[in-house]
Amino acid sequence: MSTNSEIHLDFDAVVIGAGFAGLGMLRRLRDELGMSVQVYETGDGVGGTWYWNRYPGARCDSESYVYCFSFSKELLQDWNWSGKYPEQPEILSYLNHVADRFDLRRNIQLKTRVISAKFLEDQNHWQIETDQGDCVTAQFLITGVGCISTGNVPEIAGRDSFEGDWYHTGSWPHEGVDFVGKRVAVIGTGSSGVQAIPVIAEQAKSLTVFQRTPQYSIPARHETVDRRFIEEEVKPNYDEILEKARWSKSGFPVDFSERSALEVSAEERQRTYDAAWDNGGMQFIHGTFKDIRTDIKANDTAAEFIRSKIREIVKDPETLEKLLPMDHPYGSKRALIDTDYFETYNRENVELVDIRNTPIQKITPTGIRTEHEEFEFDIIVFATGFDAMTGSFLKMDVRGRNGLTLKEKWTDGPRTYLGIQVAGFPNMFMITGPGSPSVLSNMPVAIEQHIEWISDFIEFLRERGIETAEADVDAETEWVSHVNEVAKPTMFMLANSWYLGANIPGKPRVFMPYAGGIGTYRRKCCDIADNGYEGFILSSGSRKRASMAASS
Ligand code: N01
């Protein structure tokens, strides 16, 4: 309902997605800013990534005590993780607990996909439509659609002719999959594949892994959580621990090494790598040497160490040869940690097919045919990743000023200011959008930084009666070149990875996340806010707005 002088909006803000980002944003806007908020979520439950990714072995690579929200001291003290790394069912329970504890569900509409969002220029607000027939208006549109949430099932010839069952790791059936007695294929050896393969191998009659790129991976050394560490060292010091994570390079409260791999003796280097391998986890990439991500010679020392470990583990010489990563530096693709990944290839029921040398020709009704062989399967698992960072945005019809679509705007790759806003799309805020550290950080730390910064910005706008905030196109251009500059000297540019969009045929090859570190990025965001939100065009419209009171 609108009149010339007054516009009635359905909501102050619409949030898309009910994962970590959407839940946190809803709580903050509704309970701290008193805004009316509607969340739309495609799934029939909350949880985002952790709702969909239920494949066997799914868990997070961040240690559990830092994979959480930090906004509630009581929540931090009350919640007890059971594993060193949080497992998917437990993360999902945690997010459901958050939804219940903070009474979030009443503003979340499940089983509802946002199909379009249009900025109505004459009225300075967004109109959002869903696949359930909703058509609502809101001053702010906030996306919490996830960075790795639109699955990539490659269009291999004959894919739809397969008569067995097939699954993508990113949309796993809730009732689970029974592999017992089954001949199973897994295509893909990224984070998902490396986690799923050892677990599936234990259950299946046979497992054939189709590998395009061999991986570097470090043992996770997953175990039950160290209760003494949590009760005596973490819980009493949570504030300091989380503050350290917030200003760190990658969202973890760890000390990064200041030593160069090239300035220590070979013995010292070996000792350092051995200790990190034995301790397991991300310490190998963060805590060994400062230059393994920036200097190819330093990187070679780490890469060769990992190859030496793979050689120690894998017994069959032919399989070993296929598993040795030789074509890209360590850490140029997402760093992996695993549980018995390489050991799994010593099992009698596991076979590895190198599809670089013998590409898949087609999927047949009964299995997979490569150039050299025909395989029969009951189940094919696609662990083939995601159309990351932009896929979930471009699935929706998002239109800004002059009817420009986000798809048109991002034809040559995503363009954003801070990974938070897009010029020409006023009042649309992205939580962990392309151009922000997001996937290069422990995700909850990156997500919360955006939730806080965006909601502070919205509060600033509301207090001053400013109707729209919009990234300035020059600020956006500068940010895009800064993101590129920062990525240039890193190893990330030396591999075909989803960070670069290289996994999706036809996707522009652009490095999408900000590689300068979450702490540095946070500082930049704070400075921009302190300078009156420089780089944003702020406009006060002439219309009076009557918005709903905070949701009841
Ligand atoms: O996907 P990926 P993912 N034919 O893109 C192969 C997060 N995550 O789901 O390397 C054959 O990494 C592809 O080969 P190549 C994490 O950020 C976190 O595993 O492109 N193969 C690769 O081997 C992660 O990085 C956690 O040559 C094809 C695999 O499939 C991100 O999600 C757990 C192919 C895809 O690997 C994505 O991980 C899980 C094709 N056409 C995920 N297309 C944890 O925290 C692709 N591949 C533990």
Side-chain angles (χ1 to χ4, degrees), residues 48-50 52-64 66-67 83-88 91 146-157 159 167-172 185-197 199 209-218 220 222 250-252 281-282 323 325 327-328 331-339 341 352-363 368 370 380-389 391 432 437-444 446 492 495-507 512-513:
T49 289
W50 300 105
W52 298 104
N53 285 264
R54 299 170 186 236
Y55 59 86
R59 63 170 175 257
C60 181
D61 286 347
S62 301
E63 288 196 34
S64 49
V66 285
Y67 198 75
K84 177 178 174 188
Y85 300 98
E87 304 193 357
Q88 176 271 330
I91 306 174
C147 302
I148 315 166
S149 44
T150 293
N152 164 42
V153 182
E155 289 182 17
I156 299 170
R159 189 187 68 188
Y167 308 97
H168 183 270
T169 50
S171 50
W172 202 257
V186 172
I187 305 177
T189 55
S191 300
S192 306
V194 160
Q195 285 189 327
I197 285 163
V199 185
V209 177
F210 291 83
Q211 169 197 274
R212 190 162 69 179
T213 307
Q215 289 281 10
Y216 299 94
S217 184
I218 306 294
H222 182 44
S250 54
F252 296 104
M282 291 295 182
L323 283 170
D327 66 342
H328 63 284
S332 55
K333 289 162 96 78
R334 161 71 145 74
L336 303 187
I337 63 175
D338 71 272
T339 300
Y341 175 64
L352 179 65
V353 179
D354 174 356
I355 55 173
R356 263 268 167 87
N357 286 331
T358 56
I360 294 177
Q361 273 188 341
K362 69 184 295 194
I363 294 181
I368 292 177
T370 67
I380 299 177
V381 173
F382 289 93
T384 41
F386 298 85
D387 182 356
M389 307 215 68
T432 64
S438 61
V439 291
L440 300 182
S441 162
N442 177 26
M443 279 308 285
F492 293 126
N496 289 319
S497 71
W498 59 260
Y499 295 135
L500 279 153
N503 62 328
I504 303 293
K507 189 165 173 170
M512 293 181 286

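Start at 1 and go down the list; that is how both ligands and their atoms are numbered.
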Heavy-atom contacts with [X] under 4.0 Å: which atoms of ligand 1 show up? List them by number with element.
X: Pro154; value: 40 (C), 41 (N)
X: Arg59; value: 44 (C), 45 (O), 48 (C)
X: Cys60; value: 45 (O)
X: Ile355; value: 11 (C)
X: Thr189; value: 22 (C), 23 (O), 29 (C)
X: Ile187; value: 11 (C), 21 (N)
X: Gln195; value: 33 (C), 48 (C)

To which protein heavy atom is [atom] closest, and what is the distance rounded to 0.1 Å?
atom: atom 9 (O) of ligand 1; answer: Ser192 OG, 2.6 Å
atom: atom 25 (O) of ligand 1; answer: Trp498 NE1, 2.9 Å
atom: atom 26 (C) of ligand 1; answer: Ser191 CB, 3.8 Å

Is the shortest distance from a heavy atom of [X] to ligand 1 less than 4.0 Å?
X: Lys333; value: yes
X: Tyr67; value: no
X: Val439; value: no

Indicate yes or no: does an N/O atom of [X] lie under 3.5 Å from an N/O atom of ligand 1?
X: Asp61; value: yes
X: Asn496; value: no
X: Thr169; value: no
X: Tyr55; value: no
X: Phe386; value: no
X: Arg356; value: no
X: Gln215; value: no

Tell me the closest heavy-atom pair linking [X] and [Y], and the distance in Å.
X: Val66; Y: Asn442; answer: O-ND2, 2.8 Å
X: Leu336; Y: Tyr216; answer: CB-O, 3.7 Å
X: Thr432; Y: Met389; answer: O-CE, 4.5 Å
X: Ile368; Y: Ala185; answer: CD1-CB, 4.1 Å
X: Phe386; Y: Gly170; answer: CZ-CA, 3.9 Å

Going by heavy-atom distance to [atom], choose the closest among [options].
atom: atom 13 (C) of ligand 1; options: Arg212, Gln88, His168; value: Arg212
atom: atom 30 (O) of ligand 1; options: Ala335, Ala495, Ala383; value: Ala383
atom: atom 15 (P) of ligand 1; options: Thr384, Thr213, Leu336; value: Thr213
atom: atom 17 (O) of ligand 1; options: Glu155, Gln211, Arg334; value: Arg334
atom: atom 36 (O) of ligand 1; options: Gly190, Gly57, Gly188, Ser62; value: Gly190

May I ask you to decide if the ring planes of Tyr85 and His222 are parallel, tilted or perpendicular, using 30° and 60° as cut-offs? tilted
When the ring planes of Trp172 and Tyr167 are compared, do they come out parallel, tilted or perpendicular, using 30° and 60° as the limits? tilted
Checking [X] side chain against [Y] main chain: does a donor-acceptor pair fall under 3.5 Å?
X: Lys507; Y: Ala502; value: no
X: Thr384; Y: Gly188; value: no
X: Gln211; Y: Asp354; value: no
X: Thr370; Y: Ile360; value: no

Under 3.5 Å, is there a donor-acceptor pair linking the side chains of Ser497 and Arg334? no
side-chain contact (heavy atoms from CB on, under 4.5 Å) between Arg356 and Arg212, worked out: CA-CA 5 Å; Arg356 263 268 167 87; Arg212 190 162 69 179; 4.3 Å; yes
Using heavy atoms and a threshold below 4.0 Å, how should the contact between Ala388 and ligand 1 be classified: side chain, backbone, both, or neither? neither
So, do Asp61 and Gln195 sit near enough that their side-chain heavy atoms are less than 4.5 Å apart? yes
Roughly how far apart are Thr213 OG1 and His328 NE2, rounded to 0.5 Å? 6.5 Å
